[in-house]
Visitor: 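Here it is, the structure in full.
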Amino acid sequence: MAKKGRVFSGARPTGRQHLGNYLGAIQNYVALQRDYECVYCIVDLHALTSLTETRELRQNTYEMALEWLAAGLDPKESIIFVQSQVPQVTELHMLLSMVTPMGRLVRLPTFKEKVRQQPDNVNYGLLGYPVLMAADITLYKANVVPVGEDQAPHLEFTREIVRRFNNIYGEVLVEPQILLTQVPRVMGIDGVNKMSKSLDNHIELAATPEETRKRVMQMVTDPARKYRNDPGHPEICNVMTLHRVFASDPSQMPQIEADCRAGTIGCAEHKRMFAEDLNRALASLRARRAELAQHPQMIRDVLEDGACRAQAIARVVLREAKDAVGLP
Ligand code: AMP
Ligand code: TRP
């Protein structure tokens, strides 16, 4: 069957993935495989912009690949590879950097946030992070980019750079569309910040059922509800938002919400129900992960094959871009 176009997405090798990665991005990666030609990249060069300690990079890269496969990415359908193994991206990054205004990079909210987070390591690569991301996407002429909401400014930036490049050198690159999921911004267990490993407010996909239960019981619920019998507000409760997604029996959710609103079930009780449903929903992913972990060589083969297939596309597009610019 003819595919509708090409999808590209990337994620930094942070190792074990959390519910935010899963609901914000990975679920869409999996869903798009049938209708699109998909390219998924573990962006280790991007990770270097924030890392000074790189010893865990290899292991984290391997674990990400493992979890992507466990979640349902199919290496026969999709290209799955590691960014640094397709070096053409750094060359395209260089070409794109020449059409990128400095001021635009300095003003990006994501850059400003990083400067706040790592004031002692504001390196040149960090400033160029979005340019490398634009190179990732355009090197594959991707039409669609599934990501979480936090990446929206980078996608907008990519679209601008594509327009500038094409205006100056001719129509070579493709302007991509962002694709968000139903839950584009998953909140952490603190209920106020985006779920992220660096804030330690996350729940890992590969956690044991016991660890999962423990994390869920720490979740902040409805901030407007103080006592067990107070009426609840499911529309502002992070546990309810996630429960709707992972419910074993979605037809029970309206009743649970009504009980919460009436104050007849308490937050702790609801969290126990959610933890059980979450463990049930993740059971098959966890079982597949354990099975795949028995075959580390297979994971390495998938990445090697992915790099080969990615390079075949990358070489052609880079050549077109260099021709357009006038490089030999
Ligand atoms: P990262 O681990 O930050 O490289 O993110 C990998 C992918 O997961 C990106 O598409 C992010 O937008 C997405 N993502 C990360 N954290 C969250 C979150 N809390 N909610 C929704 N999407 C997220
Ligand atoms: N910046 C993305 C993140 O932090 C990762 C990323 C790098 C990416 N290159 C990409 C995402 C290309 C989509 C497309 O999550």
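Please read all numbers here as calculations on a predicted model, not as lab measurements.
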Visitor: Would you indicate whether the side-chain heavy atoms of Val144 and Arg6 approach each other to under 4.5 Å?
Guide: no
Visitor: Go through the steps to decide whether Ser84 and Asp44 satisfy the test side chain to side chain donor-acceptor pair (under 3.5 Å), and finish with yes or no.
Guide: CA-CA 6 Å; Ser84 64; Asp44 54 351; 2.6 Å; yes
Visitor: Looking at Lys4 and Glu37, would you say the former's side chain and the latter's main chain have a donor-acceptor pair under 3.5 Å?
Guide: no
Visitor: Hey, is the main chain of Leu139 close enough, under 3.5 Å, to the side chain of Gln88 for a donor-acceptor pair?
Guide: no
Visitor: Tell me the closest heavy-atom pair linking Ile189 and Gln218, and the distance in Å.
Guide: CD1-OE1, 3.6 Å
Visitor: Quick one: closest heavy-atom pair of Arg12 and Val43, and the distance?
Guide: N-CG2, 3.5 Å
Visitor: Between Arg164 and Val99, which heavy-atom pair has the shortest distance, and what is it?
Guide: NE-O, 2.8 Å
Visitor: Which atom names give the shortest non-hydrogen contact between Ala324 and Val172, and what distance separates them?
Guide: CB-CG2, 3.6 Å
Visitor: Spell out, as yes or no, whether a donor-acceptor pair under 3.5 Å connects the side chain of Asp230 to the backbone of Tyr227.
Guide: yes
Visitor: Might you point out which heavy atoms bring Thr100 and Leu96 nearest each other, and give the distance in Å?
Guide: OG1-O, 2.8 Å
Visitor: Is a donor on one side and an acceptor on the other found under 3.5 Å between the side chain of Asn28 and the backbone of Pro146?
Guide: no
Visitor: Show the nearest heavy-atom pair for residues His93 and Leu132, with the distance to one decimal.
Guide: CD2-N, 3.3 Å
Visitor: Is a side-chain N or O of Glu276 found less than 3.5 angstrom from the main chain of Arg213, in a donor-acceptor match?
Guide: no
